[in-house]
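Side chains are part of it too, since the values below use all heavy atoms of this structure and drop only hydrogens, waters and symmetry mates. These numbers were taken from a predicted model, which means no experiment stands behind them.
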Amino acid sequence: MITLEEFKKKHSDKCRLIGLDLGSKRIGVSICDDKQLIATPLKTINRNSLKDLVDELRLIINENDIKGIIVGNPLNMDGSSGRSAQSVKDTAENIEKNLDIPICLWDERLSTVGAFNLSSQLDINVSKREKKIDENAAAFILQGALDFLNN
């Protein structure tokens with residue numbers, strides 16, 4: 001796994017990225033434009049097996065010419081790594097072993113809360129918000145990484 005700083009140095013040209021919010025049951029996926037300006041929710045994948053996840057990601061990567069993956073890192077509020085962060089890191093490393101694409105971890109503290117609050121400001125009803133929360137959280141994560149890359 002590489003840092004976002006290392007990714008920025010290797011990929012000076014803009015390219016498309018996907019963001020992942022790795023949950024225990026569902027995985028939110030987002031995608032950005034080739035100018036790396038805007039992250040958009042793409043889909044939610046039900047978490048079955050690593051093989052199914054890798055196959056689904058490979059399909060998204062090939063269809064959209066993706067050059068990197070940003071994975072939300074659920075750090076504790078004090079910045080330390082807990083059980084969830086270790087689980088995400090392990091899953092990201094397993095994904096990286098199966099795909100030939102750089103993966104970066106990005107601090108995702110409060111991404112689900114942020115995505116939920118943002119959708120409430122857009123006046124989206126609660127049932128739709130809950131249905132799309134994983135992919136919206138992934139977009140929130142990816143947008144944070146894009147903002148970092150663009151500064």
Show the nearest heavy-atom pair for residues [X] and [Y], with the distance to one decimal.
| X | Y | result |
| --- | --- | --- |
| Phe7 | Cys104 | CB-SG, 3.8 Å |
| Ala39 | Ala139 | CB-O, 3.4 Å |
| Cys32 | Cys15 | SG-O, 4.1 Å |
| Arg26 | Asp134 | NE-OD2, 2.6 Å |
| Thr44 | Glu135 | OG1-OE1, 2.9 Å |
| Ala137 | Asp21 | CB-OD2, 3.4 Å |

Euclidean distance, [Y] [atom2] relative to [X] [atom1], rounded to 0.5 Å:
| X | Y | atom1 | atom2 | result |
| --- | --- | --- | --- | --- |
| Thr40 | Ile38 | OG1 | CD1 | 6.5 Å |
| Phe148 | Glu5 | CZ | CD | 4.0 Å |
| Asn98 | Arg58 | CG | CZ | 6.5 Å |
| Gln36 | Lys14 | CD | NZ | 5.0 Å |
| Glu96 | Lys89 | CD | NZ | 11.0 Å |
| Trp106 | Asn73 | CH2 | CG | 11.0 Å |

TODO: Kindly check if the number of other-residue, nucleotide or ligand heavy atoms within 6.0 Å of CG (Asn62) is above 12?
DONE: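 It does: Asn62 CG has more than 12 such atoms within range.
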Task: For Leu17, the option from Asn64, Leu142, Asp33 that meets side-chain contact (heavy atoms from CB on, under 4.5 Å) - done: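 Per the side-chain contact (heavy atoms from CB on, under 4.5 Å) rule, the option paired with Leu17 is Leu142, out of Asn64, Leu142, Asp33.
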- [ ] Among Ile, Leu, Val, Met, Phe, Trp and Tyr joined by side-chain contacts under 4.5 Å, find the other residues sharing a cluster with Ile45 and list them by chain and number.
- [x] Met1, Ile18, Leu20, Leu22, Ile27, Val29, Ile31, Leu42, Leu50, Leu53, Val54, Leu57, Ile60, Ile61, Ile66, Ile69, Val71, Val88, Ile95, Leu99, Ile101, Ile103, Leu105
Task: Hydrophobic cluster (4.5 angstrom, side-chain heavy atoms) - remaining members for Leu59 - done: none
Ignoring hydrogens and geometry, is there a side-chain-to-backbone donor-acceptor pair from [X] to [Y] under 3.5 Å?
| X | Y | result |
| --- | --- | --- |
| Ser30 | Pro41 | no |
| Asn94 | Asp90 | yes |
| Gln86 | Arg83 | no |

Task: Hydrophobic cluster identity match, Leu146 and Leu37, side-chain contacts under 4.5 Å - done: no
Task: Presence of salt bridge, Asp34 and Arg16, under 4.0 angstrom - done: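 Result for this pair is no, no salt bridge flagged.
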Task: With Ser84 via side-chain contact (heavy atoms from CB on, under 4.5 Å) - residues at least two apart - done: Pro74
Open item on the list: If only side-chain N and O atoms count, and only distance matters, is there a donor-acceptor pair under 3.5 Å linking Asn150 with Lys35?
Closed with: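 Side-chain D/A pair, Lys35 to Asn150: absent.
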TODO: Please test Ile70 against Gln143 for side chain to side chain contact (heavy atoms under 4.5 Å, CB included), starting from the C-alpha separation and ending with a verdict.
DONE: CA-CA 10 Å; Ile70 308 298; Gln143 189 64 55; over 6 Å; no
